[in-house]
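Read the structure below first, then the notes.
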Amino acid sequence: MHELSVMESILNVVLKHARQHEVQRVVAVSLRVGEMTDLIDEWMQRYFDYLSDKTVAAGAVLKIERVPVVFQCESCGTEFPVNIREVRDTACPACGGNKARLKSGREFFIKNIEVM
Amino acid sequence: MAEIKLIDIKEDILSDNQALAGQIRDDLRGKRVFLMNLMASPGGGKTSLILQTLKRLRERFRMAVIEGDIDSQVDAEKIIREDIPAVQIRTGGFCHLDATMIERALKELDMAALDAIIVENIGNLVCPAEFDIGSTRSVMILSVPEGDDKPLKYPLMFSVCDGLVVNKTDYLEGSDFDMEALKERVLRLNPGIRIFPVSCRTGQGIDDWAQWLSAEIEKIKNWKSSF
């Protein structure tokens, strides 16, 4: 549901950079999105298309790279990936400790845009 | 045929919100005002918990409520009936509150006359988790009828909160809700979280919750800047 506001922020950043560089058309937008955010690629693209209509970014393709959810063990410092929706056990694979903090997986990052 | 160029951006989308939220948090601390972000599903018991909390704490602290709602003001009306200052934010369809909306709402309140503000966020377990509103503490409610598997479905919400209120414990009897399994799942996602089983209907557990919240409000009230 918050795809709309998130995509609006993305579009605003894209348009700001497009203006600064006086580009004619934005062809692609590369994003890094954490697995812990509940956003689906297809819907991100649809909302982007809807919002970018009649702007220089109309028709741009979103290239979405997913950042895995990684926990870091609080006792031994080991970093390990976790499939957050299936896992029932987030114990550290190295020391068995079960106190870990979220290290990555919440990203919402625009890497670059391809322009003409 | 025009050539395709690459422009590096490297910007975090949520960074504007994050920066403003940090500013709000610092500003409130400077004014010794505590802000709690209360999140839950629709019907989880946000308004009931607020009313129970006000009952316990209003003699001790000067309190106000910011009510987030998509398009009504029934909740704010309930709070005003309690003679507590309330500000209504209508998001007009938006599924969460963000730092800009809170900044605007705070302008409607007299900070010098307050110790603590409770923000009732929009009812859902997804979007509010993404947007920091500048709160001193974030708290979520999970109600027993929703089930003990929710940490698996909404991991982000459970990992960003400082406190979890498990409401409607009066429904535990006869249900297959496993409190121990829930606690284990939640603590794995978020080892530092405090868990409070309560029933807003019977009042069970509310004292423990109110005690924790009072201590958190006191911390801000007595906060001394290092300068």
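Quick note: numbers below take in every heavy atom, side chains included, and nothing from hydrogens, waters or symmetry partners. Lettering follows sequence order; numbering is per chain, from 1.
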Item to check | Pair A/Val115-B/Ile4, side-chain contact (heavy atoms from CB on, under 4.5 Å): steps then yes or no | outcome: CA-CA 5 Å; A/Val115 300; B/Ile4 291 182; over 6 Å; no

Item to check | B/Asn222 atom CG, over 12 foreign heavy atoms within 6.0 Å | outcome: yes

Checklist outcome for this item: Contacts of A/Glu22 meeting side chain to side chain contact (heavy atoms under 4.5 Å, CB included) (sequence neighbours excluded), chain-then-number -> none

Next on the checklist: Please enumerate all residues that pass ring pair (Phe, Tyr, Trp, His ring centres under 6.0 Å) together with A/Phe109, with sequence neighbours excluded.
Outcome noted: none

Checklist entry - Quick one: CG on B/Leu14 to OG on A/Ser9, what's the gap to the nearest 0.5 Å? => result 7.0 Å

Item to check | A/Met36 side, atom CE; B/Met157 side, atom CE - distance, nearest 0.5 Å | outcome: 12.0 Å

Next on the checklist: Heavy-atom count check: over 12 atoms from other residues, nucleotides or ligands less than 6.0 Å from A/Glu79 CD?
Outcome noted: yes

Item to check | A/Val27, part contacting chain B, at a heavy-atom distance under 4.5 Å | outcome: side chain

Checklist entry - To the nearest 0.5 Å, what is the distance between NZ (A/Lys111) and NZ (B/Lys10)? => result 9.5 Å

Next on the checklist: Among B/Leu6, B/Ile7, B/Asp12, which residue has the highest count of heavy-atom pairs closer than 4.5 Å to chain A?
Outcome noted: B/Ile7

Item to check | Basic-acidic side-chain contact under 4.0 Å: B/Glu11, A/Lys16 | outcome: yes

Next on the checklist: How about CD on A/Gln20, more than 12 heavy atoms from neighbouring residues, nucleotides or ligands closer than 6.0 Å, or not?
Outcome noted: yes

Checklist entry - Can you name the nearest heavy-atom pair linking B/Ile13 to A/Ile110, along with the distance? => result CD1-CG1, 3.3 Å

Item to check | Nearest atoms (heavy-atom pairs only) where A/Arg106 meets B/Ala129 | outcome: NH2-O, 3.4 Å

Item to check | Options A/Leu102, A/Ile10, A/Val14, ranked by heavy-atom pairs under 4.5 Å with chain B, top entry | outcome: A/Ile10

Checklist outcome for this item: One should read off an interatomic distance between A/Phe71 CZ and B/Leu189 CG, to the nearest 0.5 angstrom, of 5.5 Å

Checklist entry - Tell me, side chain or backbone of A/Val29 under 4.5 Å from chain B's heavy atoms, or both, or neither? => result neither

Item to check | Side chain to side chain, B/Glu130 and A/Thr37, heavy atoms closer than 4.5 Å | outcome: yes

